[in-house]
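Here's the structure we're looking at; comments come further down.
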There are 2 protein chains.
Amino acid sequence: MSRGAKRAATREESEETRQTILRTAEQLFMEYGYRAVSTRQIADACGLTQPALYHYFADKQTLYVEVIKENTGKTQSAMERIVRRNEGIAERLRLIVRYLYNTTQHDISQMLHDIQHELDPQMRELLNQLFITGLIAPLASIFEEGIQTGFLRHPSMGGLDATNAAYLFMSMLPRFLSRPPLTVPEHGPSHASRHGLKIEQAEMLVQVLLYGLAEQGVGERHQVETVDSDHTL
Amino acid sequence: MSRGAKRAATREESEETRQTILRTAEQLFMEYGYRAVSTRQIADACGLTQPALYHYFADKQTLYVEVIKENTGKTQSAMERIVRRNEGIAERLRLIVRYLYNTTQHDISQMLHDIQHELDPQMRELLNQLFITGLIAPLASIFEEGIQTGFLRHPSMGGLDATNAAYLFMSMLPRFLSRPPLTVPEHGPSHASRHGLKIEQAEMLVQVLLYGLAEQGVGERHQVETVDSDHTL
DNA sequence: CCTACCGATCGGTAGG
DNA sequence: CCTACCGATCGGTAGG
């Protein structure tokens, strides 16, 4: 084999190793958190020695930042693709929930905690911006459309503005306690698909976000209970 | 001073020191997580040397477990008191949100992460049970009442069962990104209290949970979209 | 409740 | 990409 061929192969392998490190680090960081994952764990899982990592990434923090950049980039692409689809608000929200459930099994709040508490202020600011422009903004654009078209309640009528709706949406995603929070209720001994009630988790979540838990037009009267503010005189 | 008086004072001081450690450890653990808080940090914040902690608690894990026990116990009392109040479902939920916002500024999902990943299986099981009986159960009893009285949509009609509703409720609580997710929208240059729209965060959250973001009876038709299951044949 | 100290593990570097 | 190694910090113990 010529030197040229050998070097090309080495370059490819090097890039492959880099990708392996990124994927492995992502899994570990997202499951256990930045602090709890050691550089030796990552190296072991890649079949490398720990110092070898420092050939590919300057330090642990840089590796973490690259992981988040990669992850956020992919998610942003997928979300913008979904946002532009020719579907209703609800359906596009369902698609986003399914995408996030399938790709990131982790709790996103852990990632945010690490960004706030374990990183340099500079990196923190960078990743916060990535999070907002990559995840919050596409989501908010859907909610904004819903508000403009009158499908969603206007902020001045007791609704949420688009950005806050996006944050609330994100906060509803995590599986609580590592066990799925939204299991389908089994009523009676018959199979779940009996009454045509097998509602998927993603759909259930969007249902609640859009229409709430209350029976329509029944029970207590609080619907758009606009608080008269000037109590305090 | 007699020996007896001195010894009594010492015993009181000892208990006081123990409480100081518990309060300090709670703040640190809840803000930064189990792993990120060192026993030396806790000791420093209490004005003690690090080995002194081991006079009061067998080890770091035991201290953490005691913190959670104390915390959960107080919260359980408060929640059960609120549950028994003579108020509507929505108002009691608002009171619970306010209580949790005022007492625990932290993200509860971090506590759950630490319980799942940083503790012995035995302690994990214990604290999971405490979490369920202390926080989920009281909340679920409110939702169950709402379902029984017909105020909340029945699980067989596309609603959530009481336990899952409780989990969802808890997951909606955290302030996202350490910044409040539900800021009140300011519309126009006028003061926020202009149109009588100053809706408090706790109330806003309960509003969304109960009635959703959608305009009532407007836009897409998905209200109780019961999925016909036998698509796959 | 202190001083002194332990073994283990951490992130990172030197040098090849 | 490895071996060898560094200083710092961790949770915890000994002994008083």
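Small disclaimer: the values here were computed from a predicted structure and weren't measured. Reckoned from all heavy atoms, side chains included, excluding hydrogens, waters and symmetry mates. Chain identifiers are assigned alphabetically (A, B, ...) following the order of the sequence lines, protein sequences preceding nucleic acid strands; residue numbering begins at 1 within each chain.
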Output yes when a side-chain donor or acceptor of A:D161 lies under 3.5 Å from a complementary backbone atom of A:P155, and no otherwise.
no

Where DNA chain D forms stems, i.e. three or more consecutive Watson-Crick or G-U pairs with both distances under 3.5 Å
C:1-16 with D:1-16

Output for pair (A:R35 CZ, A:F29 CZ), nearest 0.5 Å, gives 12.5 Å

Could you say whether B:R35 or A:T17 is positioned toward the 5' end of DNA chain D, judged by the nucleotide with the nearest heavy atom to each?
A:T17

Considering every strand and a 4.0 Å limit on heavy-atom distances, what is the contact class for A:S38: base, sugar-phosphate, or nothing?
sugar-phosphate

For DNA chain C, which nucleotides open and close the run of contacts to chain A, 5' to 3', at under 4.0 angstrom from a non-hydrogen atom?
C:dC10 to C:dT13

Please determine whether a side-chain nitrogen of the Lys or Arg among B:R98 and B:E200 lies less than 4.0 Å from a carboxylate oxygen of the Asp or Glu.
yes

So that I can tick it off, tell me whether B:K69 and B:E66 are bridged by a salt bridge, with the cut-off set at under 4.0 angstrom between side-chain N and carboxylate O.
yes

Can you tell me how far CE of B:M123 sits from CD of B:Q61, rounded to the nearest 0.5 angstrom?
6.0 Å

Electrostatic pair B:R23-B:E26, nearest N-O below 4.0 angstrom
no

Looking at residues 52-67 of chain A, who's got a heavy atom less than 4.0 Å off DNA chain C?
A:Y54, A:D59, A:K60

Does B:R92 form a salt bridge (Lys or Arg N to Asp or Glu O under 4.0 Å) with B:E145? I'd like the steps, not just the answer.
CA-CA 12 Å; B:R92 277 177 286 167; B:E145 180 188 327; 2.9 Å; yes

Can you tell me how far the CD atom of A:E15 sits from the OH atom of A:Y56, to the nearest 0.5 Å?
9.5 Å

Kindly compute the distance separating CE (B:M30) from CG (B:L28), expressed to the nearest 0.5 Å.
10.5 Å

Does any N or O in the side chain of B:K60 come within less than 3.5 Å of the main-chain N or O of B:Y34, such that one atom is a donor and the other an acceptor?
yes

